[in-house]
Amino acid sequence: MPAPSPGLHRALLGLWAALSLGLLGFSAIAQEPFWADLQPRVALVERGGSLWLNCSTNCPRPERGGLETSLRRNGTQRGLRWLARQLVDIREPETQPVCFFRCARRTLQARGLIRTFQRPDRVELVPLPAWQPVGENFTLSCRVPGAGPRGSLTLTLLRGAQELIRRSFFGEPPRARGAVLTATVLARREDHGANFSCRAELDLRPHGLGLFENSSAPRELRTFALPPDSPRLAAPRLLEVDSERPVSCAMDGLFPASEAGVYLALGDQRLSPDITLEGDAFMATATTTASAEQEGARQLVCNVTLGGESRESRENVTVYSFPEPLLTLSEPNAPEGKTVTVTCTAGPRALVTLDGIPAAVPGQPAQLQLNATENDDRRGFFCDATLEVDGETLSKNESAELRVLYAPRLDDSDCPRSWTWPEGPEQTLRCEARGNPEPSVHCARPDGGSVLALGLLGPVTRALAGTYRCTATNAQGEAVKDVTLTVEYAPALDSVGCPERITWLEGTEASLSCVAHGVPPPNVSCMRSGEAGIIIEGLLHVAREHAGTYRCEATNARGSAAKNVAVTVEYGPSFEELSCPSNWTWVEGSGRLFSCEVDGKPEPSVECIGSGGTSEGVLLPLAPPGPSARAPRIPSELAPGTYICNATNRHGSMVKTVSVSAESPPEMDDSTCPSHQTWLEGAEAAALACSARGRPSPQVRCSREGAPRPQRLRVSREDAGSYRCLATNPHGTDARIVTVGVEYRPVVAELAASPPGGVRPGGNFTLTCRAEAWPPAQISWRAPPGALNIGLSSNNSTLSVAGAMGSHGGEYECAATNAHGRHTRRITVRVTGPWLWVAVGGAAGGAALLAAGAGLAFYVQSTACKKGEYNVQEAESSGEAVCLNGAGGGASAGTGAEGGTEAAGTAEAPAGGEVFAIQLTSA
């Protein structure tokens, strides 16, 4: 029997697998339990809100189903295996709806949970007391009715923005609604005017909803402090009718003092006080006036109210009436000899006293009579009244003056017959007369001349002196009196009687006299300054020593006057050797002129003119006689020789011969002492080339600045530096700084290879050459023949090779050259190592090397390879920058250096053949 085909086999296997999966699925369906489901299973709804519930089952054909709940329904939708129903106006805190289906004779149920929440719409803070005493507790109570669930509520009591207490009601039963939070708070001063509030938070965020907040309206707290002591009341014990007296009421320790109420009253009369606050204290002040109706005992009351509490003080005040006493004169202005009656009266209960004499009984007047005389004019009378009130005796008084009319009287005490006054100071001229009415006084010269201004302050002058007639007049008559006025004044020395300057001529006779003016007549005396006690009197034979200053003094009872009189004695000119020398040396550039001072008065004029030689007719400039005189122009040159000086004034003339010579101070410049000088090392030591101009010839000395120069026979490099040269003669010095440079022959101080000890083929090496020379040396190199690709630094001090070959091995020479000579040193470079790779590559590169060698030989022979030195621009790192030929030492077993020195201008011919060198320098 033939076997089944592979395709059929695969189909059968697929069918079997499908059937197996179907059977497994059917078995799973047959074994799955039926259930009922309610969505949402748990719901949180705002109180009064609505909710859709979906009741479903997996029963393929349920017999019946429904949703059991006590909540109101608004609509229902149905399907074969589901039921949706809307619940509205949900208000119960918690309810459990049940979803059910009947399936295969079984009841399938799903129970749900619906809870409601209510926002904290009403947050109430219980009203605070109108006033709260400081230091006492008060209660804060916050109510949030209906809000919930309570377990999600948090209440906070606040003072302003500060949290006082915060409470969460977590853990309360789910059905609980509303909350109350109460706290006891101590009232403080700083709480006055503070706002207290309550904040409610309903946090439903764990249930997928938000955070609901609300706050109560703020309530203001008013705190106060009122001490137990009564206010301090200050008031008069006695108060007179119609008089004003101050009263005050004060209290400390109030808070807030500005809120305190003050009541201040006298009896039933309320006062209007002015209140002054200072911190926790106040002061109430008022002015009280009592009327006649209030006479008697009264009470002054001060009442302070704060925060519904009050403190009070009372003081007794007695109101009384006490009129002023009355003092009368029967005739206040009585003529001399008239009888006058004086009466003193007061109130009905007052006792009066007139000039110390009391009345018989209280309420009665007191009297006296007198016959008016001149002595009674301006007599004062005193009336005193006393009254006893509440054990205290009060008094009042009144006074009056009697005027008696009488004729004028001019007494010597008030109007003297002789007046003597000093001149100058202001005086009040007085001539007073007694009389009533007051007399008018007039004083004038008898001839009708000047009038004295009586009673006025004015200066006393000499013109006031003389005799005056003074007349006093009033309504009762007149009086006449003659007076004499004498004006005294201090001495005066004027230019007429005593001139300031007097001129005498030597050899004549003269006298010194001064006339002074003054009252009384002054005494005048003159004496020379500095010679006290020697008075000049009579005629004098004038000599020069009489010249000088004399002090003349005039003296009288009113003072003294002094004056200096300058006496000048004139005489003809005369020369003195000290002030006008016969020999004078003029120093060029000194700015000095010839000083020729001549004695004579008046001061002589002096002129010096050359006589003979180069000075013939030349005017010699002279120094001015004084600092204020204008000096002539200072000459740059002056002709030496003999000069004739002539001095002249109005009293004669005199001549003197003066010999003048000319000299000059030292002077150095670049022509006599160059500032830069050069020495050669090893040369014979010599002094600096410095000299100076001047008369007489200056002496020049040079010394090194800093460390002194040691004495040596030959010039050394240490001699370089700064030298100070000083030129000196009797007229001054001149200094100059000279810089000395020491030049020396070159020496190759260092010739080194890097790396030391040889180089491997293909490696790099560098030769460094350092030379010491001044001026700086030029560096040149000689390399082994055939050495290519050699690079030089910009100043030729470094030779470098990259990729060394065998041709680079051998002797290298460094030469240093300047104007004073040449010095060389040699060093041998070894190029060693494995040559197998060179041999392998030699066949391939031999031809190229031979060609390069032939080209280089042709280039050297045809261009630069001539004996001598050449300047090549762009030297560094260029194979074309070096042209080298000649015999070298060849490669050796190591590296070494040797050197030699040549004088300038000699040729170099080392062993081994001719050398061609190119001098490489930077551009």
Side-chain angles (χ1 to χ4, degrees), residues 125-142 156-165 182-198 215-239 243-290 298-319:
L125 184 65
V126 175
L128 302 177
W131 286 93
Q132 176 65 31
V134 172
E136 296 184 9
N137 291 327
F138 66 97
T139 301
L140 289 176
S141 180
C142 176
T156 306
L157 293 174
L158 301 101
R159 179 196 290 118
Q162 177 191 4
E163 291 188 1
L164 297 177
I165 185 170
T182 301
T184 300
V185 181
L186 181 67
R188 307 172 302 168
R189 285 194 175 201
E190 51 267 33
D191 292 335
H192 181 69
N195 286 324
F196 290 83
S197 60
C198 176
S215 297
S216 69
R219 296 190 182 275
E220 183 182 6
L221 179 66
R222 301 169 71 191
T223 61
F224 75 97
L226 184 63
D229 300 332
S230 299
R232 301 185 302 277
L233 183 59
R237 194 170 65 85
L238 304 177
L239 180 61
S243 65
E244 293 185 350
R245 296 292 299 275
V247 296
S248 66
C249 180
M251 194 171 188
D252 299 332
L254 289 91
F255 175 81
S258 58
E259 299 285 345
V262 181
Y263 173 80
L264 193 60
L266 176 62
D268 55 359
Q269 177 190 0
R270 182 166 183 173
L271 306 180
S272 299
D274 294 328
I275 298 177
T276 303
L277 301 178
E278 185 175 350
D280 291 345
F282 82 91
M283 170 73 76
T285 57
T287 302
T288 178
T289 303
R298 294 287 183 269
Q299 273 199 338
L300 183 68
V301 180
C302 177
N303 183 278
V304 180
T305 304
L306 179 62
E309 299 183 13
S310 64
R311 303 288 185 268
E312 185 176 277
S313 291
R314 293 175 177 267
E315 289 289 342
N316 292 324
V317 177
T318 301
V319 179

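- Of all non-hydrogen atoms in Ala281 and Ala257, the two that sit nearest each other are O-CB, 4.3 Å.
- With values rounded to the nearest 0.5 angstrom, Asn316 atom CG is found 11.5 Å from Arg298 atom CZ.
- Closest heavy-atom contact between Leu264 and Leu233: CD1-CD1, 4.0 Å.
- The line from CG of Asp191 to CZ of Phe138 is 6.0 Å long, rounded to the nearest 0.5 Å.
- With a 4.5 Å cut-off on side-chain heavy atoms, Ile165 and Val185 do not count as touching.
- Arg270 approaches Ala265 most closely through the heavy-atom pair CA-CB, 3.8 Å.
- With values rounded to the nearest 0.5 angstrom, Leu164 atom CG is found 12.0 Å from Thr184 atom OG1.
- You'll find the side chain of Leu226 reaches within 4.5 Å of the side chain of Met251, heavy atoms only.
- Minimum heavy-atom separation, Pro236 to Val247: CD-CG1, 3.8 Å.
- With values rounded to the nearest 0.5 angstrom, Asp274 atom CG is found 12.0 Å from Ser248 atom OG.
- Judged purely by atom type and a 3.5 angstrom limit, Arg314 has no side-chain atom pairing as donor or acceptor with the backbone of Gln299.
- Looking only at side-chain heavy atoms (C-beta outward), Ser141 and Leu157 stay at 4.5 Å or farther from each other.
- Here the straight-line distance linking atom OG of Ser258 with atom CZ of Phe282 works out to 12.0 Å at 0.5 Å rounding.
- Annotation: side chain of Pro231 is in contact with side chain of Cys302 (closest heavy-atom distance under 4.5 Å).
- In terms of modelled atom types and a separation under 3.5 Å, the side chain of Ser230 and the main chain of Ser313 share no donor-acceptor contact.
- Nearest heavy-atom pair, Ala286 versus Pro273, reported as atom, atom and distance to 0.1 Å: CB-CA, 3.8 Å.
- A donor-acceptor contact under 3.5 angstrom links the side chains of Thr305 and Asn303, judged on distance only.
- Atom NE2 of His192 is separated from atom CD of Glu259 by 5.0 Å, given to the nearest 0.5 angstrom.
- In this structure, the side chains of Leu158 and Asn195 stay at 4.5 Å or more apart for every pair of heavy atoms.
- Listed for the Arg219 side chain is a donor-acceptor partner under 3.5 Å among the backbone atoms of Leu125.
- Note: Phe224 and Trp131 have perpendicular aromatic rings, judged against thresholds of 30 and 60 degrees for the angle between ring planes.
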Query raised in the report: Given the rule in the side-chain contact (heavy atoms from CB on, under 4.5 Å) test, do Thr182 and Thr139 qualify, once you have shown the distances and angles that lead to the verdict?
Result: CA-CA 7 Å; Thr182 301; Thr139 301; 3.4 Å; yes

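- Looking at Thr223 and Phe255, their side chains come closer than 4.5 Å, going by heavy atoms from C-beta outward.
- Atom CD of Glu278 has 12 or fewer heavy atoms from other residues, nucleotides or ligands within 6.0 Å.
- Put simply, the side chain of Pro227 does not reach to within 4.5 Å of the side chain of Asp252, judged on heavy atoms.
- Within the 4.5 Å cutoff, no side-chain heavy atoms of Arg311 are placed close to those of Leu254.
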